[in-house]
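Heads up: the structure comes next, in C-alpha cells.
Side-chain atoms are counted along with the backbone in the values below, which use heavy atoms only and exclude waters and symmetry mates.
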Amino acid sequence: MAKAPIDRNPEILGGTPVFSGTRVPVRILIEHLEAGDRLDDFLEDYPTVSREQAIAVLRHARTILVGGKNEAAA
C-alpha cells in the first residue's frame, strides 16, 4: 500500500486520525482490540476499512512503539 494508512485532516472529524479515504477513526480499531474483538469483527462493523488498511495501521503503530522492521522469530 503506497498511500499512508492514516489521514489527519482538520476538515475530517476535526483532525482526528482516520483510516485514509474514510471517516473511521483509528481509535475505533484500538478500542475493538482492547475489548477483545477480533480484527474480522472490526472489519465487519466498518466495511469501508480494508483488511490491508487495518494491518498497515497496526504495523505503523508497532514501528512507532517498538521501532525497526518486522523481525522473524528465532
Side-chain angles (χ1 to χ4, degrees):
M1 174 177 291
K3 188 176 181 182
I6 299 170
D7 187 23
R8 193 169 195 170
N9 181 336
E11 302 280 326
I12 300 171
L13 298 177
T16 298
V18 297
F19 288 91
S20 291
T22 76
R23 294 179 59 84
V24 178
V26 170
R27 71 174 167 70
I28 299 295
L29 171 59
I30 304 304
E31 290 171 0
H32 269 68
L33 297 175
E34 286 176 338
D37 295 340
R38 300 173 310 125
L39 179 58
D40 288 337
D41 297 329
F42 168 78
L43 295 171
E44 284 179 26
D45 290 346
Y46 296 92
T48 58
V49 178
S50 71
R51 176 173 296 278
E52 293 77 19
Q53 283 178 300
I55 290 171
V57 164
L58 293 172
R59 285 183 177 149
H60 181 70
R62 180 180 59 198
T63 299
I64 290 170
L65 294 172
V66 296
K69 297 231 178 214
N70 297 344
E71 296 178 12

**Request:** For residues 14-36, pull every pair meeting side-chain hydrogen bond (donor to acceptor under 3.5 Å, both in side chains), keeping only residues two or more places apart or in separate chains.
**Result:**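 side-chain hydrogen bond (donor to acceptor under 3.5 Å, both in side chains) check on residues 14-36 returns Arg27-Glu31, His32-Asp45.
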**Asked** Taking only residues two or more places apart in sequence, or in another chain, which ones meet Ile6 in a side-chain contact (heavy atoms from CB on, under 4.5 Å)?
**Response**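 Here the qualifying residues are Pro17, Val26, Val57, His60.
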**Gap separating the CD1 atom of Ile55 from the CG atom of Leu43, nearest 0.5 angstrom** =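 Answer for the CD1-CG pair, Ile55 versus Leu43, is 8.0 Å.
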Measure across [X] and [Y] and return the closest heavy-atom pair with its distance rounded to 0.1 Å.
X	Y	result
Pro47	Glu44	CD-O, 3.8 Å
Leu13	Pro25	CD1-CG, 3.9 Å
Leu33	Asp37	CD2-O, 3.6 Å

**Message:** Less than 4.5 Å apart, side chain to side chain, heavy atoms only: is that true for Val49 and Ile28?
**Reply:**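 The answer is no; the side chains never approach within 4.5 Å.
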**Request:** Could you check if a side-chain atom of Leu29 sits within less than 4.5 angstrom of a side-chain atom of Leu39, using non-hydrogen atoms only?
**Result:**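 In short, these two side chains touch, coming nearer than 4.5 Å.
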